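Being a predicted model, the structure only gives us computed values, none of them experimental.
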Number of protein chains: 2
Amino acid sequence: MTERAEPAGVGRDPEAVSKFVEGFAAQLVEAGMQRMPARVFAALLASDSGSLTSAELGEQLRVSPAAVSGAVRYLAQQHMVSREREPGSRRERYRVHSNQWYEALTNREAVLKRWETALRDGVTSLGADTPAGRRMAETLAFFEFVDGEIAAMMERWRAHREKTFGA
Amino acid sequence: MTERAEPAGVGRDPEAVSKFVEGFAAQLVEAGMQRMPARVFAALLASDSGSLTSAELGEQLRVSPAAVSGAVRYLAQQHMVSREREPGSRRERYRVHSNQWYEALTNREAVLKRWETALRDGVTSLGADTPAGRRMAETLAFFEFVDGEIAAMMERWRAHREKTFGA
DNA sequence: TCTTAACTTCACAATTTTCTGAAAGTAGCG
DNA sequence: CGCTACTTTCAGAAAATTGTGAAGTTAAGA
């Protein structure tokens, strides 16, 4: 048995939480995310309320307020978390809205757009009639195709989700 | 006018090629790829034959053979390029097969699978009946959904591609 | 079998990134 | 209006990453 009464502080088995947090963060890092944002994000994902304060994050991850600040700024820019002010306090909470965040994930759209731009430039400057130009044109077409497909896919997911989890 | 006769060596306007290579590589880096693999890959993508030798890569990018070796090993592991031995020579060629490489790109499948594993572990260890557990279960469901969709999408792309570019 | 062209591995130096402590900024509340 | 609780910014130390030169390995051709 590993069950126990809920301690007021962190709640649940801090050991298990930490294990998940570090493990999931490691996967995100491997996929290209910076370490600190990854850890902060994983911690939020694993929290029951889906939201933690700066101080809670710092304590749980054993890092300085400065580190939390930087990580959270990054995550907010990527729309993976939102910040909210606790009413009647200058304390801030960072929140992950279950679905909003993976919607953001598919909004790598910005990335795709930049790739497309670079490829278009390449086709132009190397010549659309050269072998290299044709290869890049095909790649470009692929990304444009994917762009459209992703939007449709998310639509299907929302329907699927509603059926499975309720609105 | 920037046109010129084809010099035997690099071919085309080396200036324009380099500009594309460094620009596209920069985008890949921003998306999480290491710098050297990104540069090597971009150089291959921009080559007319779609293939370059180790020496050509080193010269064009002004880097050591060691750097090329490391970059190419990574790219081959990701199935983004393939290596071929030039018959009757110990010289090796690295090649990007127009379509094979972006098929590989969608084979971030391996990445998705690892995320799914981490999430499943999380659901189990934090409890499927806790709020955090439910959030992770929903995220997990999303990734599983995406998994299936990507396969279908690639199928549609292949059809679309054939129509547009011919087999 | 020997020679040698080509690729790979490895230890280290240089660069870049990341995190911290301290100082500065901001906004609630008396 | 100031006090204080919190957050952000910034310079620099520590750590991680990256690319190099040199030595090691492999295999083609004589």
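Minimum atom distance to the side chain of A:A67 is reached by C:dT20, of the listed D:dT7, C:dT20, D:dT20. The side chain of A:S54 approaches D:dT7 more closely than any other nucleotide in the set D:dA22, D:dT7, D:dG19. For A:A66, whose side chain is taken as the heavy atoms from C-beta onward, the closest listed nucleotide among C:dC19, D:dC10, C:dT8 is D:dC10. Here the side chain of B:S64 is nearest to one of C:dT8, D:dG21, C:dC7, namely D:dG21. Checking D:dC6, D:dT9, D:dG29 against every side-chain atom of B:R90, the shortest atom distance belongs to D:dG29.
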**Q.** Intermediate values then yes/no, side chain to side chain donor-acceptor pair (under 3.5 Å), B:E138 and A:Y102
**A.** CA-CA 10 Å; B:E138 180 182 328; A:Y102 52 66; 2.7 Å; yes

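No contact: A:G70 has no heavy atom under 4.0 Å from any strand. Contacts of B:R83 with the nucleic acid, taken as non-hydrogen atoms under 4.0 Å apart, involve only primed sugar atoms and P, OP1 or OP2. When heavy atoms are screened at a 4.0 angstrom cut-off, A:V68 is found touching no nucleic acid atom at all. Looking at heavy-atom distances under 4.0 Å, A:Y94 makes contact with sugar-phosphate atoms alone, never a base.
When all heavy atoms of B:A46 and A:L126 are compared, the pair lying nearest together is O-CD1, 3.8 Å.
Distances shorter than 4.0 Å separate some side-chain N or O of A:R73 from OP1 or OP2 on D:dT9. Contact check, A:S69 against D:dT7: no side-chain N or O comes under 4.0 Å of OP1 or OP2. OP1 or OP2 of D:dT18 sits under 4.0 Å from a side-chain N or O of B:Q34.
A salt bridge links B:D147 with B:K113: the distance from a Lys NZ or Arg NE/NH1/NH2 to an Asp or Glu carboxylate oxygen falls below 4.0 Å.
Defined by atom type and a distance below 3.5 Å, a donor-acceptor pair is present between the side-chain atoms of B:R93 and B:S51.
Heavy-atom nearest nucleotides on DNA chain D were determined for A:R35 and for A:V72, and the one closer to the 5' end corresponds to A:V72.
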